Peer 1: 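Would you mind keeping the following structure in view while I ask a few things?
Letters go in sequence order (proteins before strands), and every chain restarts at 1. Treat the numbers as computed from the prediction; the structure is a model and nothing was measured.
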Amino acid sequence: MPTKTFLLDADDASEMPSTKSGVNLEKYQSALNAAQFEAVTTTEGALLVVAGAGTGKTKTLTYRVGHLIESGVAAQNILLLTFTRRAAQEMLVRAASFADTRCAHILGGTFHAYAHKLLREYASKINLAENFVVLDQIDAEDTIEIVRTALGFNKKEKRFPKKNTLQRIISTATNKQIPIEEVIENSYPQFFPLTDDILKVADAYRDYKRTNSLLDYDDLLTHLKTMLETQSDVRHRIASQLRYVMVDEYQDTNLVQADLVALLSSVHGNVMAVGDDAQSIYSFRGANFRNILDFPKRFPNTKIIKLEENYRSTERILELTNSVIRQAKEKFSKNLYTKIKPGGELPAIVAAPDERYQSRFIAQRILELREKGIALNQIAVLMRNSRDSFDLELELKKRNLPFVKYGGQKIVEAAHIKDFVSYLKVLYNPRDILAWNRILRLLDGIGPKTAQDLADWIKTAPNPYHFATANVSPKYLDALKKLGTLLANLSQNLSPLIAVSETLLKYYQPILREKYYEDFSKREKDLENFLGIVANYTSLATLLADLALEPIDLSAMETKATLKDESPLTLSTIHSAKGLEWHTVFLINVLDGTIPSRYAVGETESIDEELRLLYVALTRAKNLLYISYPIICKGAEDYFGNPSRFLQAMPESLYEKLLLVDSKQVQPQLSAPPRQLQPPEQDHDLPF
DNA sequence: CAGACGACATTTTTT
DNA sequence: ATGTCGTCTG
């Protein structure tokens, strides 16, 4: 007998929180200012909160969750989309502590993670294998390489774009929702004559993903969007459940994500976006700060609330940051002010003779601050590029200052971790062609071609672990059999996961030593730490999904593992510092060409984005702010670096200059001597 | 066809 | 400093 589904409309009348009856609003009123309070209590309809840096954006979201839960809304009816999982968890823990433990159970996470969850659930609705594989960026590049080679473009043209360029072109087109031709024309004019071939690669890549059930990051969003657009019953089911949808960092969403927000909130229409157009720093990922301006157009009758009172920074810091954002060509109407932190120390601009001096200055200043009782975890060093801190890291290690670094290479992107994870992937999904490809090439005598041939066999083999039935040369049959038997045995019993991993590590270790003989011990330590992460998981599926969707910073893992007592100092890229704050912030390498990045120079739009990036960095500081750059930079040849053009445009009254003088080499002062800083006592061990 | 070696270019930021 | 490409050898 055929069964039909009858969809009931959301029953608002009966589910409605008994308006504010059970909620003690005084608690909220006393903790929030008027604008924040309004944002928290405006629960119905569309709401846009334009929140300047440090104006209590997170607090507002946190309290809003608390308020909804205390009003009787069930946790599974609230969705909070954030930029990182870290951000979501922090908010939920906070909400749980002041309001109700149920706060911890609301739906949420990143767009990608939430999309992933829904797609697993509804995969069958869009002809997607339930055990589809999520490709991280490296996987995506490797896949593109496979189709590129299959198309023969690897030898044909000398200057054919490389796999990561191809990946970027394709991804940019998706994220900005523009044709690939346009991306090439705008950003990669040198490849314009090859447009047709690039399009062929893009098509082949899409087909390859579809036949092999592979989804890259962009697919997670676009597949969900397509599903919600075309399957109205699914959309209705999902959106009915989501009575309240909240989106953090809306200025960094792209068009696809904006569409998703609309689709997810299409039944109830209770959607809140929080963001700051002045802090939009992800245009390279398709984000457009104009999205936030378009929000009211997309959702008619949007109520707009502005948060402009800053609680984070001192008046001196705010004056400087306000002047920075005023340099933007596209102006923003924002006027941050402070009532509670008047005055303060002038921010300092530090011209260090070279990078070594810069590092010594920072290390020494941090030690002084610690003496004064500022905890290390209240201090951060920020930089434009992850590698800008290498010299400083050496200095910090030398002085035994513990630090955690965020940004830069992700643990799963390191080749040896990727190798190891591939074994796990093959256990999870024996048809994971990409993972097979990787681990097969680790065997002696198997190169790209043989690996590809074997992968083709695996695709249809009745038992992919049973290589005896494959038609392979005896040269490597033994090695294959050994691998196959190991995997077959492990797949019989996947728990405990940590035991499986240890067995695999034993198998992989000799390969690792052979392949990376130059630095295998460092890599072995990485793997050891990685097993520590694995130990927290019981489900292989969850582990693999988390690795793809919430990549862990390699060095963060490394340092966390070695930390003992003192809570560490933070080193972070500006991008990874979003939403965070510290008592003291150092921003290093503020050079023209670094920030603004030399790749951004030329276009007003990208220069503005670099300026916003600087703005984000400076607005992280609560009390002390140091901006530094080396005068002499090292490269193939040493050269004179120019301070960032943004610094040169700052009014001189808003900062003080700091000149570093080595205590051993007292130099004659040229003009009025700025404040001097004494170098460390133990400088005798420095190479001067 | 695998693997080693040398030339060459190439360097953001992240889910 | 690193990865990628082409070329050569076995």
Peer 1: Side chains of Y516(A) and D419(A) only: does a donor on one sit below 3.5 Å from an acceptor on the other?
Peer 2: yes
Peer 1: Side-chain N or O of R148(A) versus OP1/OP2 of dC5(C): is the shortest distance under 4.0 Å?
Peer 2: yes
Peer 1: F132(A) ring centre to R120(A) NZ or CZ under 6.0 Å, with the angle to the axis within 45°?
Peer 2: yes
Peer 1: What is the distance, rounded to the nearest whole Å, between atom CG of D453(A) and atom P of dC1(B)?
Peer 2: 7 Å
Peer 1: Do S389(A) and K405(A) have side-chain N/O donor and acceptor atoms under 3.5 Å apart?
Peer 2: yes
Peer 1: Heavy-atom nearest nucleotide on DNA chain B for A548(A) versus R387(A): which residue maps closer to 5'?
Peer 2: R387(A)
Peer 1: Output the rounded distance in Å from CD (Q251(A)) to P (dT14(B)).
Peer 2: 16 Å
Peer 1: Picking from dT11(B), dT4(C), dT14(B), which would you name as closest to the side chain of T573(A)?
Peer 2: dT14(B)
Peer 1: In whole angstrom, give the distance that lies between atom CG of D252(A) and atom P of dT14(B).
Peer 2: 12 Å
Peer 1: Let's see if you can work this out: which of dT10(B), dG3(B), dT11(B) has an atom nearest to the side-chain heavy atoms of D444(A)?
Peer 2: dG3(B)
Peer 1: Taking only the P atom of each, what is the distance from dT4(C) to dT13(B) in whole angstrom?
Peer 2: 16 Å
Peer 1: N175(A) has an atom CG; how far is it from atom C1' of dT15(B), in whole Å?
Peer 2: 9 Å
Peer 1: Indicate, with a heavy-atom threshold strictly under 4.0 Å, whether I446(A) touches base, sugar-phosphate, or nothing.
Peer 2: sugar-phosphate
Peer 1: Is it the case that the ring center of W582(A) lies less than 6.0 angstrom away from the ring center of Y626(A)?
Peer 2: no
Peer 1: As a test of reading the structure: which of dA2(B), dT4(C), dT14(B) is closest to the side chain of K163(A), going by heavy atoms?
Peer 2: dT4(C)
Peer 1: So is the aromatic ring of Y282(A) stacked onto the base of dT13(B), judging by whether the centres are under 5.5 Å apart and the planes are under 30° apart?
Peer 2: no
Peer 1: Of the options dC1(B), dT13(B), dT10(B), whose atoms approach the side-chain atoms of F284(A) most closely?
Peer 2: dT13(B)
Peer 1: NA contact type, D218(A), heavy-atom cut-off 4.0 Å: base, sugar-phosphate, or nothing?
Peer 2: nothing
Peer 1: Should K449(A) be listed as having a side-chain N or O under 4.0 Å from OP1 or OP2 of dC1(B)?
Peer 2: yes
Peer 1: dA9(B) pairs with which nucleotide, Watson-Crick or G-U wobble, both distances below 3.5 Å?
Peer 2: dT2(C)
Peer 1: Between dG3(B), dT14(B), dT13(B), which nucleotide has the shortest distance from any of its atoms to the side chain of S386(A)?
Peer 2: dT13(B)
Peer 1: How do R441(A) and N385(A) order along DNA chain B: which one's closest nucleotide is nearer the 5' end?
Peer 2: R441(A)
Peer 1: Could you give the CG-to-P distance, from D139(A) to dT14(B), as a whole number of Å?
Peer 2: 18 Å
Peer 1: Check the distance between dT15(B)'s P and L547(A)'s CG and give it to me in whole angstrom.
Peer 2: 13 Å
Peer 1: Mind listing the closest non-hydrogen atom pair of S283(A) and K176(A) along with its distance?
Peer 2: O-CE, 3.7 Å
Peer 1: Are the charged groups of D592(A) and R645(A) less than 4.0 angstrom apart, N to O?
Peer 2: yes
Peer 1: Would you please confirm or rule out a distance under 4.0 Å between OP1 or OP2 of dT13(B) and any side-chain N or O of S576(A)?
Peer 2: no
Peer 1: Do any side-chain nitrogens or oxygens of T84(A) fall under 4.0 Å of OP1 or OP2 in dT14(B)?
Peer 2: no
Peer 1: Just compare dT15(B), dT4(C), dA2(B) and give me whichever is closest to any side-chain atom of P448(A).
Peer 2: dA2(B)
Peer 1: Would you kindly give the OH-to-P distance between Y406(A) and dT15(B), to the nearest whole Å?
Peer 2: 13 Å
Peer 1: What is the separation between atom CG on L81(A) and atom C1' on dT15(B), rounded to the nearest whole Å?
Peer 2: 13 Å
